[in-house]
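Since we're looking at a predicted model, the values are computed, not measured. Chain naming here is simple, since letters A, B, ... match the order of the sequence lines and numbering starts at 1 in each.
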Amino acid sequence: MSTSEHPPSPLFSSPAPEGAPGYLERLNPEQRAAIETTDGPLLVLAGAGTGKTRVLTTRFAHILLSGRAKPWQILTVTFTNKAAREMRERISFLLGEPVEGLWLGTFHALCARMLRRHAEYVGLTHGFTILDTDDQLRLLKQVMEPWRIDTKRWPAPGLMGVIQRWKDRGLTPARVTDTEDSDFADGHARAIYTAYQTRLRELNACDFGDLMLHVAEILRTRPDVLDQYHRLFRYILVDEYQDTNTIQYLWLRLLAKRTGYPSNICCVGDDDQSIYSWRGAEVENILRFEKDFPGAQIVRLERNYRSTQHILGAAAGLIAHNDGRLGKTLRSGKDDASGEKVLVTGVWDSEAEARAVCDSAASFHAKGQSLAEMAILVRAGFQTRAFEERLVQTGLPYRIVGGVRFYERAEIRDAMAYMRIVNQPADDLAFERIINVPKRGVGPAALQKLHAAARARQVPLAAGTQALLDEGGLKGKMAAQLGTLMNALSTTRDILTREGHVVAVEHLLEETGYLDMWRNDRSIEAPGRLENLKELVRALSDFGTLGEFLDHVALVMEHDENAGDAKLSLMTLHGAKGLEFDTVFLPGWEEGVFPSQRTLDEGGLKGLEEERRLAYVGITRARKHALIFHADRRRIYANWQPSMPSRFLDELPDEHIIRKENGAAPQQRLNMTDSVFANGPLTTRRRQDPMLADANTASFQLGDHVRHPRFGVGIIISADRHHLEIAFESGDTKRLLSSFIEKI
DNA sequence: AGTAGCGGACTTTTT
DNA sequence: GTCCGCTACT
């Protein structure tokens with residue numbers, strides 16, 4: 001989802017010309033066609049930066065305002081929560097008021113909503129739990145045990161992947177064929193899959209794949225339910241159609257194909273930006289659209305309002321090397337056809353690359369460009385470290401997008417597990433997670449005993465534990481502590497009904513001793529973890545019930561943390577899809593890194609083409625400057641390896657690029673210094689900018705207590721003209737530029 | 001029950 | 001080079 005192909009315009013502010021409502025103004029003819037072709041199937045091929053989001057949201061508004069449907073009769077599907085949120089905001093903006101009761105969300109969120117209504121058709125109840133990946137894997141490991149699978153050859157995560165791919169393709173255990181089955185885990189995969197699904201039902205739980213799979217299964221087998229949705233959804237809008245997998249496609253087709261009525265489904269996508277085949281996406285879905293929906297119309301959006309001519313030219317030249325495209329040619333929609341060429345820089349090694357990129361970023365920054373408008377886009381996570389180190393040294397504020405997220409932190413997961421067991425006493429996985437956190441003396445042996453007790457009574461683990469306690473089947477310290485735990489759980493449930501979920505959760509975390517566990521923890525992370533828990537409890541109050549909150553966390557899994565300050569973004573190419581920046585740095589364009597060797601090995605030509613699309617996505621993120629880097633040698637794990645420039649570099653048309661091979665790094669460094677410290681016009685800006693006030697260590701003295709935004713509090717143990725050496729509380733000693741060091 | 005030590009892996013990732 | 005998970009001690 002693009003953030004800002006266009007500056008948002010108040011669509012109702014300008015007077016409408018005769019016959020056309022105001023919101024259709026200032027759209028190009030293709031965009032208008034994509035919006036006004038409301039009835040029948042429509043495929044909108046929207047190249048990068050062609051106003052896709054605007055088309056989708058305006059189309060939604062158009063359907064409403066032309067009286068074709070009510071807000072709740074339009075189904076709008078996105079892939080990410082971010083896209084969904086953005087769409088909701090924009091639609092509200094277009095309509096001039098917040099809209100309620102929309103069927104707008106991610107595939108999974110929409111399916112969760114449907115499944116809550118019809119859970120009993122697939123053996124669940126309304127209050128089912130949605131498991132996270134952690135729990136899925138733990139459950140699968142448990143289920144696998146009886147088969148005594150050689151976990152060297154078939155590790156649980158691998159099998160999980162197999163099951164997920166089956167789910168992506170709409171295969172319930174019964175639909176997995178023998179041939180398919182024989183390929184994995186010595187032919188036991190289907191049986192394990194069956195057992196896994198059974199166990200999920202016993203836990204009244206489902207995983208992410210199940211949300212789609214169960215709903216599709218219900219729609220396939222319950223004509224009455226399907227009919228209900230056919231009546232409800234008059235129009236369907238789908239974003240990022242090239243990323244849909246088979247089950248999502250089936251789900252859409254089931255909902256769109258209404259007997260006696262046209263399929264008013266509009267899918268927006270770009271086959272050139274399909275980069276998720278490895279997690280089940282089928283580009284074929286978009287390539288096949290006309291066959292799937294006979295009479296489908298196709299609109300191509302090819303006018304790009306984002307990037308300069310050279311950036312577009314470079315990207316177009318690159319992607320032209322792919323076969324089997326639906327074919328689009330991006331043209332610049334901008335008047336200024338000039339702009340800078342894409343800069344391709346070759347450097348000596350990966351460290352020089354990090355230096356070159358960061359120095360260039362500093363230089364753009366010195367010229368007045370905001371760090372928020374710059375991004376370093378890497379192929380794989382391991383590449384970020386070199387940049388991170390250099391950025392810290394340079395003192396450029398940055399943020400890593402897609403690192404460890406709030407809801408994935410251990411303390412958050414523990415707290416969530418506590419809430420889950422309160423919400424759903426049958427959630428064995430949650431109970432297992434927290435039974436010995438804090439330590440209650442429950443080891444594997446004791447856990448076995450509890451499992452046995454539960455099984456014997458045919459009750460969930462928590463109930464089994466309670467029963468065993470009541471009968472005096474447990475002894476000593478462990479019995480006492482488990483008693484306290486069970487007691488805390490039951491009092492929490494009381495409070496939940498009487499005083500609401502916020503008070504209940506506070507009580508829960510306190511009485512179970514979970515908060516005390518961190519309060520007594522002397523490690524440096526403990527205070528931070530307590531802060532996170534505080535924040536979690538705060539977030540609780542944004543939701544009406546505990547169940548709603550748990551759903552939100554399971555499905556939405558995001559939490560904005562200090563996104564406030566302008567920071568340079570460091571992320572993977574995958575993570576950058578849908579975003580745009582003035583300046584984009586693309587390091588690591590070397591054979592084996594990008595295109596990734598592993599993709600080539602596993603995916604052959606198809607893999608190569610997906611890598612090329614990834615490169616295309618990378619370049620088209622840039623509005624003004626795209627800078628590509630490659631190093632002659634790179635340190636991979638322990639040793640240095642020579643590396644060849646990426647074949648993609650040869651595919652960039654010469655007229656759109658400038659090559660600056662080797663030795664660029666030291667040169668640029670000098671330039672940076674010059675521009676920062678010598679350029680006249682920058683003086684005023686320099687003063688207010690902490691980074692540019694750099695290289696002045698005079699205001700610090702040995703022994704000063706200081707704070708660094710990243711490393712925390714420390715003491716200066718040595719200093720020269722440019723650097724401070726600081727011993728931090730964490731025990732680390734770092735040599736840093738003084739820019740972001742604050743005296744305390 | 002807890003941890004030291006060893007061997008193996010090591011793209012991408014949303015929901 | 002580093003992290004993670006499993007085994008084998010204490």
Side-chain angles (χ1 to χ4, degrees), chain A residues 1 77-84 105-113 115 130-134 136-138 141 151-153 155-158 160-161 164 167-168 206-213 215 239-240 243-245 247-248 251 274-281 350 377-386 389 401-405 407-408 436 439-447 477-478 551-558 571-578 588 592-603 607 610-611 613-615 617-618 634-640:
Chain A
M1 177 71 40
V77 198
T78 64
F79 263 86
T80 64
N81 291 296
K82 198 168 154 233
T106 62
F107 277 101
H108 297 269
L110 292 164
C111 279
R113 188 166 158 194
L115 191 55
I130 302 164
L131 298 186
D132 61 30
T133 22
D134 238 42
Q136 287 175 36
L137 204 57
R138 275 196 301 142
K141 277 182 186 161
T151 49
K152 283 279 182 296
R153 280 188 59 218
M160 194 74 248
Q164 262 162 11
K167 290 185 176 180
D168 285 344
C206 70
D207 65 18
F208 277 111
D210 285 341
L211 291 170
M212 294 289 329
L213 190 70
V215 173
D239 191 17
E240 306 279 18
D243 287 337
T244 49
N245 59 34
I247 188 75
Q248 288 161 338
W251 182 83
S274 161
I275 54 174
Y276 282 115
S277 73
W278 50 273
R279 59 175 205 218
S350 42
L377 308 183
V378 296
R379 174 62 183 87
F382 70 84
Q383 289 171 267
T384 57
R385 203 166 62 213
E389 276 168 19
V401 182
V404 184
R405 284 168 301 182
Y407 290 115
E408 283 170 11
N436 205 31
K439 301 261 182 298
R440 297 186 180 95
V442 184
L447 194 57
K477 225 175 156 188
M478 179 171 75
D551 250 18
H552 168 84
V553 175
L555 289 167
V556 180
M557 274 293 209
E558 60 183 304
M571 62 178 114
T572 63
L573 286 159
H574 285 91
K577 182 155 164 227
V593 176
F594 191 36
S596 139
Q597 191 56 50
R598 185 146 162 196
T599 303
L600 296 184
D601 293 345
E602 288 172 8
E610 183 147 315
E611 293 285 297
R613 291 194 290 270
L614 200 48
V617 166
R634 180 168 294 278
R635 193 158 49 176
I636 296 171
Y637 310 130
N639 34 349
W640 288 92

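The nearest whole Å value for the distance from the CZ atom in Arg279(A) to the C1' atom in dT15(B) is 8 Å. Taking atom CG of residue Asp210(A) and atom P of nucleotide dT15(B), one finds them 18 Å apart after rounding to whole Å. Following rounding to the nearest Å, Phe382(A) (CZ) and dT13(B) (P) show an atom-to-atom distance of 12 Å. The CE atom of Met571(A) sits 12 Å away from the P atom of dT14(B) (whole-angstrom rounding). Going from atom CG of Leu447(A) over to atom C1' of dA1(B) covers 14 Å, rounded to whole Å. Counting to the nearest Å, the C1' atom of dG2(B) and the CG atom of Asn436(A) are 11 Å from each other. We find that CD of Glu611(A) is positioned 11 Å from P of dT12(B), with the value rounded to whole Å. Residue Asp132(A) contributes atom CG, which lies 11 Å from atom C1' of dT15(B) at whole-angstrom precision.
Residue contacts for Val442(A): at a heavy-atom cut-off of 4.0 Å it reaches the sugar-phosphate backbone alone, with no base atom in range. Nucleic acid contact for Arg379(A): base, since at least one base atom lies under 4.0 Å from a heavy atom of the residue. Phe79(A) comes within contact range of the sugar-phosphate backbone alone, with a heavy-atom separation under 4.0 Å but no base atom that close. Residue Gly441(A) is classed as a sugar-phosphate contact, given heavy-atom separations below 4.0 Å to backbone atoms only.
Contact check, Asn81(A) against dT14(B): no side-chain N or O comes under 4.0 Å of OP1 or OP2. Look at Thr572(A) and you'll find a side-chain N or O under 4.0 angstrom from OP1 or OP2 of dT13(B).
Candidate nucleotides dC10(B), dT15(B), dT12(B) were compared by shortest atom distance to the side chain of Arg598(A), and dC10(B) ranks first.
Interatomic distance, Arg634(A) CZ to Gln383(A) CD, rounded to the nearest 0.5 Å: 5.5 Å. To the nearest 0.5 Å, atom CD of residue Gln164(A) and atom CZ of residue Arg279(A) are 11.0 Å apart.
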Under 3.5 Å between N/O atoms: give me all the protein pairs with nucleotides 5-10 of chain C, atom names plus distance.
none

Between Cys206(A) and Leu115(A), does the side-chain contact (heavy atoms from CB on, under 4.5 Å) criterion hold? Intermediate values first, please.
CA-CA 10 Å; Cys206(A) 70; Leu115(A) 191 55; 4.2 Å; yes
Quick one, Ile247(A) with Lys167(A), criterion side-chain contact (heavy atoms from CB on, under 4.5 Å). Give me CA distance, side-chain angles, the key distance, then yes/no. CA-CA 7 Å; Ile247(A) 188 75; Lys167(A) 290 185 176 180; over 6 Å; no
For this session: Applying side-chain contact (heavy atoms from CB on, under 4.5 Å), run through Asn245(A) and Phe107(A) and close with a yes or a no.
Result: CA-CA 11 Å; Asn245(A) 59 34; Phe107(A) 277 101; over 6 Å; no
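Using cut-offs of 30° and 60° on the angle between ring planes, the pair His574(A) and Tyr276(A) is tilted.
Each of Lys439(A) and Phe208(A) lies near DNA chain B, and the nucleotide nearest Lys439(A) is the one positioned closer to the 5' end. Looking at which nucleotide of DNA chain B each of Ala109(A) and Glu610(A) is closest to, the 5′-most match is held by Glu610(A).
Contacts of Arg598(A) classified as salt bridge (Lys or Arg N to Asp or Glu O under 4.0 Å), with partners at least two apart in sequence or in another chain: Glu602(A).
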